[in-house]
> 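Please find one structure pasted underneath; my questions will follow.
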Amino acid sequence: MKLLSIALALAGLTLVNCAGVYKQRFLEQYNKIHNENNGYFSKEGVPYHAVETLIIEACDHGHQTTSEAYSYYIWLEAMNGAISGNFSSFNVAWKNMEDYIIPSHTSQPNTDLYNPKNPATYAPAMDTPEQWPTSLEPGVPVGEDPLFQELQTTYDTYDVYALHWLLDVDNTYGFGDSQGTCSGGPSVKKPSFINNYGRGPSENVWMAIPSGICEAFKYGSKTGFSGIYSKGNPVPNWKFSVAPDADARAILGAFWASRWATEKGELSQITDTLAKASKLGDYLRYAMFEKYFKRVGNCIDPYKCPGGHDRESAHYLLSWHVGWGGSVSRNGGYAWRVADATVHFGYQNPLAAYALSQEPTLKPKSPTAAQDWAASLERQLEFYEYVQSAEGAFGGGVVNSWKDRYDTPPDDIASSTFHGMFYDWQPGGHNPPSTRWFGMQPWSTDRLAQYYYVTGDKKAKAILDKWVSWVISEITFEGDNYKLPNSLEWSGVPPNVHVKVADYGSGIGPAAATARTLSYYAAKSGNKAAKQVAKKLLDGMWKLYRTNLGVSSEEQPDYDHFQDKVYVPPGWSGVYPNGDVLNSSSTFLSIRSFYKKDPQWHKIEARLNGGPAPTFTYHRFWDQSEVALAMGAYGLLFNE
Ligand SMILES: *[C@@H]1O[C@H](CO)[C@@H](O)[C@H](O)[C@H]1NC(C)=O
Ligand SMILES: *[C@@H]1O[C@H](CO)[C@@H](O)[C@H](O)[C@H]1NC(C)=O
């Protein structure tokens, strides 16, 4: 036995040497993520947002998961195929995604009641919680949905094929909205669709009021959770929310799987999965449209800005959100769809647009899809140029609906438009501002760099040249330690946007994404400095921050909000599946009593009793995948 294990160890060692240092690091990190004892996946094989449960960021619990985590999972398995030669785990990942986070037919009843000539009813956004709930304004013109008929014909279904953005994997809240089940309750032992998104214009997670996606009026008030954010006379209903950057990232993963499997003569292993990725890309076109399919450009005053016909409502960019929903019962039933008027540079994915317009294995089946994606690719490149600061970083995005209610923008904004849309340095999330976090920079720029690597596009290179020299100038090394930007400050309006780094840090995910961006850029351009910085970032994090579970460093999040009040209109009262009461006295903690049983709760308790701010070492699925994907990409590109 002993001899055998030595022989195996030696064989392993040989493999190590053949694989090269960085590919070997990919495998080490990949194996940690997949080690059953490490807790990255649920018993169903669903990747959790984080191994640790007490974590509050966009999710409000670590054993939720997001479409973001799934998209990293897909990409991770594609690269595993490239490095190990076995693509079966890529198929497994897509199947799991379909099983749990892409709503099945039974999860979206009555989609055939949708009227593409009247996709949804306009509801204005409000600035402050006190102005909630808002009411629907049926008199405001909306446009027609130009994709519906084509998609229905291509796929012979009224359903939407897209990832919902959030799952309560362990059914911690107890809504029990698993596939095909509406308000199944705490006894459901499967991942449950959930949403914590309806938190007004601020998008502040501490104000989030999570609810299930299907309201049978069993939880919450006698009309479920309705009445908090909007007025109306609701009937039992369901609704899903898409975060389009995640769906696009899954398609990017599929693109690489296609390329790498082709190189290895293994394409036939994954053709069925690629057809699904292509279908996802067909439906992802919804992200290119204005929220209510109104005209794109100079869209001021909800009553005056008309609905669009055909592509008049297309901005062709990857917007912040796509949503769809409907009634639970047929009697008096309905269905609706919305896209988004808000566009963030951080969501753009030129490689996915390239794949869906050019790559034979991924071009969608609908007749107009590839041309839509070709238009999107061109528009995305133009958009990066538009929001690029004088220094090189990308600032913010554009909106077709000022303040989410078609207000009149200030003069300086109104005078600088992008295809008639208005510049917004913090589109989407305002609290915290979505463009302040440095991580958005490499997240998006990485895709641009990959697109440049694949095509050699000169326009992309010119944009990247500027970004790369900015980022390199802002990264410093001291031995193995590295510092890169953490948060950014913005001023000005295009073409005079300026950025200043507010503070520096050594965040693992952003560092890994930056290293990967620089690697793809260097591999195509031959830029030696970019390659050198990528290598030093990767070596630094590997030496300094490896843990038993992956690569992570201690952090001190701002968790002084557990007793912050959530906003509930006076007089409204409801109950969570576990009995927690929701009313105008509720706090973040009071509607999440389960946190008091969390293994790390004592840290919060000590803080509430006057102790120091606690520290945490997290293993987020996306962060850990970033490390693996950056190591693997460096290894594949430079064969080191
Ligand atoms: C590929 O990996 C799967 C597990 O993901 C395994 O079951 C299968 O045997 C592997 N195939 C080969 C040829 O190694
Ligand atoms: C909210 O519910 C809690 C728990 O039942 C109760 O103690 C409190 O008085 C309620 N607050 C209001 C404003 O109704």
Side-chain angles (χ1 to χ4, degrees), residues 8 11-12 14-16 18-19 23 26-38 40-47 70 72-100 129-130 132-133 173-174 207-211 219-225 227-228 253-254 256-258 260-274 562-596 621 625 628-629 632:
L8 283 174
T14 320
L15 233 170
V16 170
C18 285
K23 284 186 227 167
F26 169 87
L27 290 171
E28 185 178 325
Q29 179 75 355
Y30 178 90
N31 289 334
K32 280 183 179 171
I33 293 172
H34 277 285
N35 184 330
E36 281 180 20
N37 299 323
N38 290 352
Y40 282 94
F41 291 89
S42 76
K43 64 181 189 304
E44 299 86 4
V46 175
Y70 262 107
Y72 276 100
Y73 179 30
I74 297 292
W75 188 3
L76 185 70
E77 299 308 333
M79 193 174 278
N80 179 51
I83 290 174
S84 77
N86 184 346
F87 286 88
S88 75
S89 62
F90 171 73
N91 293 328
V92 168
W94 201 285
K95 167 85 170 41
N96 190 280
M97 187 164 89
E98 258 192 351
D99 285 349
Y100 295 106
E130 288 69 30
W132 305 342
Y173 279 97
M207 290 189 73
I209 296 174
S211 60
Y219 305 117
S221 72
K222 62 182 188 302
T223 53
F225 286 74
I228 301 177
W256 285 116
S258 172
W260 289 326
T262 302
E263 276 171 21
K264 294 195 177 303
E266 299 284 356
L267 189 62
S268 63
Q269 268 199 53
I270 60 167
T271 40
D272 291 351
T273 302
L274 294 178
F562 272 84
Q563 291 178 324
D564 284 7
K565 275 193 151 187
V566 297
Y567 181 79
V568 176
W572 195 100
S573 178
V575 183
Y576 273 92
N578 67 358
D580 288 356
V581 172
L582 176 64
N583 62 26
S584 58
S585 333
S586 297
T587 63
F588 178 86
L589 179 59
S590 80
I591 59 171
R592 293 171 181 83
S593 59
F594 53 80
Y595 261 135
K596 293 189 171 168
F621 193 89
S625 302
L629 289 163

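One-based numbering, in listed order, for ligands and for the atoms of each. These values consider heavy atoms only, across backbone and side chains, with no hydrogens, waters or symmetry-generated copies.
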> With heavy atoms of Ser584 as the reference, note each atom of ligand 2 found under 4.0 Å away.
13 (C)
> With no hydrogens and no angle check, do the side chains of Asn96 and Tyr73 hold a donor and an acceptor under 3.5 Å apart?
no
> For the pair Trp94 and Asp272, evaluate side-chain contact (heavy atoms from CB on, under 4.5 Å) and give the outcome as yes or no after the intermediate values.
CA-CA 10 Å; Trp94 201 285; Asp272 291 351; over 6 Å; no
> Can you check which of Asn583, Val581, Asp580 brings a heavy atom nearest to atom 6 (C) of ligand 2?
Asn583
> Any side-chain donor-acceptor pair under 3.5 Å between Arg592 and Tyr173?
yes
> Going by heavy-atom distance to atom 12 (C) of ligand 1, choose the closest among Asn86, Asn80, Val92.
Asn86
> Please could you name the atoms of ligand 2 that Ser585 approaches to less than 4.0 Å, counting only its heavy atoms?
1 (C), 10 (C), 11 (N), 12 (C), 13 (C)
> Hey, can you tell me if Phe225 and Trp572 have their rings parallel, tilted or perpendicular (30° and 60° cut-offs)?
tilted
> Is there a polar contact, in the sense of an N or O pair closer than 3.5 Å, between Ser88 and ligand 1?
yes
> Any chance the side chains of Tyr72 and Glu77 put a donor and an acceptor closer than 3.5 Å?
no
